[in-house]
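Please read the structure below before turning to the comments.
Order of the sequence lines fixes the chain letters, A, B, ..., with proteins taken first and strands second; residue numbering starts at 1 for each chain. Below, each value reflects all heavy atoms present in this structure, side chains not excepted, and no hydrogens, waters or symmetry copies. Because the structure is a prediction, the values reported are computed rather than measured.
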There are 2 protein chains.
Amino acid sequence: MSAALNPAERGCGATLQEQAYQSLRTAIMCGRFVPGHALTIRGIAEMLGTSLMPAREALRRLVAERALELLPNRRVSVPKMTPARLEELAAARLALEPLAAVRALPAIDTECLTQLQRIDAEIDAALAAGEVERYLLKNQAFHLTLYRAGHSQVLIPLIESLWLQFGPFMRMMLGRIGASYVLDRHVEALDAITRRDALALRLAIEGDIRDGMGSIGQEELLRLYRAGS
Amino acid sequence: MSAALNPAERGCGATLQEQAYQSLRTAIMCGRFVPGHALTIRGIAEMLGTSLMPAREALRRLVAERALELLPNRRVSVPKMTPARLEELAAARLALEPLAAVRALPAIDTECLTQLQRIDAEIDAALAAGEVERYLLKNQAFHLTLYRAGHSQVLIPLIESLWLQFGPFMRMMLGRIGASYVLDRHVEALDAITRRDALALRLAIEGDIRDGMGSIGQEELLRLYRAGS
DNA sequence: TCCGGCAGATTGTGATCACATTGTCACGAA
DNA sequence: TTCGTGACAATGTGATCACAATCTGCCGGA
């Protein structure tokens with residue numbers, strides 16, 4: 001676990017607690033922490049080479065954002081995924097992300113669109129190369145770049161919280177079903193954006209979420225759940 | 001501002017930072033902090049009679065939950081409401097709360113229903129007595145009791161974050177339009193629950209949100225915005 | 001009158017330490 | 001062997017302090 005954090009991912013201009021937060025956040029989003037694993041303040045501090053304070057603040061912030069879990073023992077751990085929680089996450093994503101996408105649609109200019117196309121190309125490249133971690137980061141970048149175009153101050157943080165909760169599990173999922181199976185719904189979204197078709201964009205985002213969250217059958221989900229607990 | 005916090009609202013069994021968080025959270029939800037007001041760590045610590053640490057943790061947690069705002073100066077302040085943000089909050093509430101209500105509907109037993117009816121009676125009493133703060137707390141209790149019946153681990157925190165963001169502004173709104181104007185959509189919801197009518201429940205919650213968020217006309221909203229800034 | 005700059009006060013950040021609670025593991029009795 | 005029980009280690013919480021950045025108010029010059 002000591003190699004879980006890449007020092008290069010730590011920012012340099014912000015405070016130490018911000019750097020610690022970004023490091024942990026990226027690690028969580030990439031699924032580098034196995035669900036159920038306990039994270040200690042001193043362990044994180046040593047891992048990042050800081051004192052207790054930045055590690056403590058970063059951990060508590062991630063707990064507040066529901067990326068980490070605060071056990072009754074006051075210890076912090078990576079939450080385990082349950083079938084009920086996964087289903088809830090899918091429902092929440094379906095409620096928020098198509099809404100954010102449609103609201104952002106009028107604000108997407110050509111510059112933003114080309115950026116989205118570039119990210120999509122990187123996604124395809126990552127998939128072709130089998131680079132799971134890069135795929136996860138770029139897939140997240142695609143969605144958040146799209147939603148952020150609407151400059152939502154409210155929806156974006158909610159969606160980011162959902163992705164933080166779903167991130168660790170997506171890595172497990174991809175490892176099981178294989179990254180090659182992932183099909184690219186993003187081209188449909190890009191096509192809908194160029195046509196300024198709100199309904200098509202909504203359907204594309206919905207389809208992408210359903211593909212991502214529902215590609216595992218219920219039986220496999222239960223098996224993962226039992227194996228995880 | 002020193003009388004903003006009621007010591008009786010501070011819990012006794014939890015950690016100091018948890019007590020500080022609950023105190024601040026209640027104060028924010030009741031709108032006791034005016035938007036734009038700056039909150040300092042030392043000020044909160046002195047207000048609560050603790051050292052810097054619990055105040056710091058509570059403030060940062062509320063920032064993470066979007067109840068408070070972190071200015072570029074690294075100072076914490078109560079966010080000002082803008083027309084765009086209010087509209088976004090309404091959209092997010094409309095996306096999440098009817099969903100949470102419908103999902104909770106099958107799990108609402110008679111005990112929960114009677115509790116909801118009791119809370120609704122308290123809401124009416126608070127409205128009749130003109131007790132704004134009690135109305136705000138009980139109105140929040142009604143919604144969250146309803147949603148919590150579904151034992152959502154994902155939707156509830158998202159909705160709580162939205163209420164934390166909307167709370168300070170609701171107090172201002174009620175002060176302007178007068179509490180007597182508020183009409184009670186909760187009876188429709190209770191009726192839908194007893195009939196196990198999911199669609200009617202969805203419509204009742206949607207109506208309640210629209211009444212609450214839209215009762216101010218756009219012109220008054222703009223006036224408030226300009227006055228606030 | 002107005003604007004720039006300087007000194008003091010205020011504030012957030014980070015580090016370090018003390019302490020109570022909890023977890024861990026070996027030892028010994030049933 | 002198995003289950004308590006004790007001591008030791010590990011951990012979170014909270015307090016206090018140092019320091020750099022920021023804010024505030026005053027003064028002097030244009």
Side-chain angles (χ1 to χ4, degrees), chain A residues 1-2 4-5 7 10-25 28 33-34 36-80 229, chain B residues 1-2 4-5 7 10-25 28 33-34 36-80 229:
Chain A
M1 189 63 69
S2 64
L5 293 187
R10 292 160 47 183
C12 292
T15 60
L16 287 179
Q17 55 183 280
E18 181 71 23
Q19 299 175 29
Y21 167 77
Q22 292 295 340
S23 293
L24 291 178
R25 181 192 165 97
I28 291 171
F33 293 142
V34 290
H37 189 266
L39 297 180
T40 65
I41 296 177
R42 288 173 175 84
I44 298 298
E46 190 180 2
M47 188 182 304
L48 270 57
T50 67
S51 73
L52 299 185
M53 290 293 307
R56 190 205 304 213
E57 303 283 329
L59 284 177
R60 296 202 70 91
R61 178 171 172 187
L62 287 164
V63 168
E65 291 172 349
R66 307 286 161 171
L68 297 176
E69 198 178 16
L70 190 62
L71 302 178
N73 340 346
R74 311 210 171 287
R75 276 180 171 74
V76 175
S77 77
V78 185
K80 291 180 182 174
S229 60
Chain B
M1 189 63 68
S2 64
L5 294 186
R10 290 161 48 183
C12 293
T15 60
L16 286 179
Q17 56 183 277
E18 181 71 23
Q19 299 174 30
Y21 167 76
Q22 291 296 338
S23 293
L24 291 178
R25 181 193 166 96
I28 291 170
F33 293 142
V34 290
H37 188 267
L39 298 179
T40 65
I41 296 177
R42 288 173 175 84
I44 298 298
E46 190 180 2
M47 188 182 303
L48 270 55
T50 67
S51 74
L52 299 186
M53 289 292 308
R56 189 205 304 212
E57 302 284 329
L59 283 178
R60 295 203 71 91
R61 178 172 172 187
L62 287 163
V63 167
E65 293 173 348
R66 307 287 161 171
L68 296 176
E69 200 177 16
L70 191 62
L71 303 178
N73 342 347
R74 311 212 173 286
R75 276 182 172 73
V76 175
S77 78
V78 185
K80 291 180 182 173
S229 59

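- The CG atom of L16(B) sits 13 Å away from the C1' atom of dG12(D) (whole-angstrom rounding).
- By the 4.5 Å heavy-atom criterion applied to side chains, L59(A) and L24(A) are counted as neighbours.
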Considering only nitrogen or oxygen atoms on both sides, find all protein atoms under 3.5 Å from nucleotides 6-9 of chain C and state each distance.
none

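- For E65(B), the salt bridge (charged side-chain N to carboxylate O under 4.0 Å, His left out) criterion is met by R61(B), not counting sequence neighbours.
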When you look at V76(B) and V63(B), which way does the side chain to side chain contact (heavy atoms under 4.5 Å, CB included) test go after all the steps? CA-CA 8 Å; V76(B) 175; V63(B) 167; 4.0 Å; yes
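- Qualifying salt bridge (charged side-chain N to carboxylate O under 4.0 Å, His left out) partners for R25(B), counting only residues two or more places apart in sequence or in other chains: E160(B).
- In this structure, CD of E46(B) is placed 13 Å from P of dG12(C), rounded to the nearest angstrom.
- Atom CD1 of I41(A) is separated from atom P of dT16(C) by 15 Å (rounded to the nearest Å).
- Looking at which nucleotide of DNA chain C each of N73(A) and P54(A) is closest to, the 5′-most match is held by P54(A).
- The side-chain heavy atoms of R56(B) and M53(B), taken from C-beta on, include a pair separated by under 4.5 Å.
- To the nearest angstrom, C1' of dG12(C) lies 7 Å from CZ of R42(B).
- E46(B) pairs by the side-chain hydrogen bond (donor to acceptor under 3.5 Å, both in side chains) definition with nothing, not counting sequence neighbours.
- dT10(C) atom P lies 17 Å from atom CD1 of I44(B), rounded to whole Å.
- The side-chain hydrogen bond (donor to acceptor under 3.5 Å, both in side chains) search around Q17(B) returns R60(A), not counting sequence neighbours.
- In this entry the distance linking CE of M53(A) with P of dG14(D) reads 12 Å, nearest Å.
- Partners of S77(B) under the side chain to side chain contact (heavy atoms under 4.5 Å, CB included) rule, at least two apart in sequence or in another chain, are E69(B), L71(B).
- Here dT13(C) presents its C1' atom at 7 Å from CD of Q17(A), a figure rounded to the nearest Å.
- No N or O donor and acceptor, one from the side chain of R75(A) and one from the base of dG12(D), sit under 3.5 Å apart.
- A residue-by-residue look at L52(A) and G43(B) shows that G43(B) has its nearest nucleotide of DNA chain C further toward the 5' end.
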Trace of the side chain to side chain contact (heavy atoms under 4.5 Å, CB included) decision for R74(B) with T15(A): CA-CA 10 Å; R74(B) 311 212 173 286; T15(A) 60; 3.4 Å; yes
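- Across residues 55-66 of chain A, R56(A), R60(A) each have a non-hydrogen atom less than 4.0 Å from an atom of DNA chain D (numbered order).
- With values rounded to the nearest 0.5 angstrom, L68(A) atom CG is found 8.0 Å from F33(A) atom CZ.
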All N/O pairs under 3.5 Å across the protein-nucleotides 4-8 of chain D interface:
none

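- For L70(A) and dT22(C), the CG to P distance is 13 Å, given to the nearest whole Å.
- In terms of the salt bridge (charged side-chain N to carboxylate O under 4.0 Å, His left out) criterion, R66(B) has no residue partners (sequence neighbours excluded).
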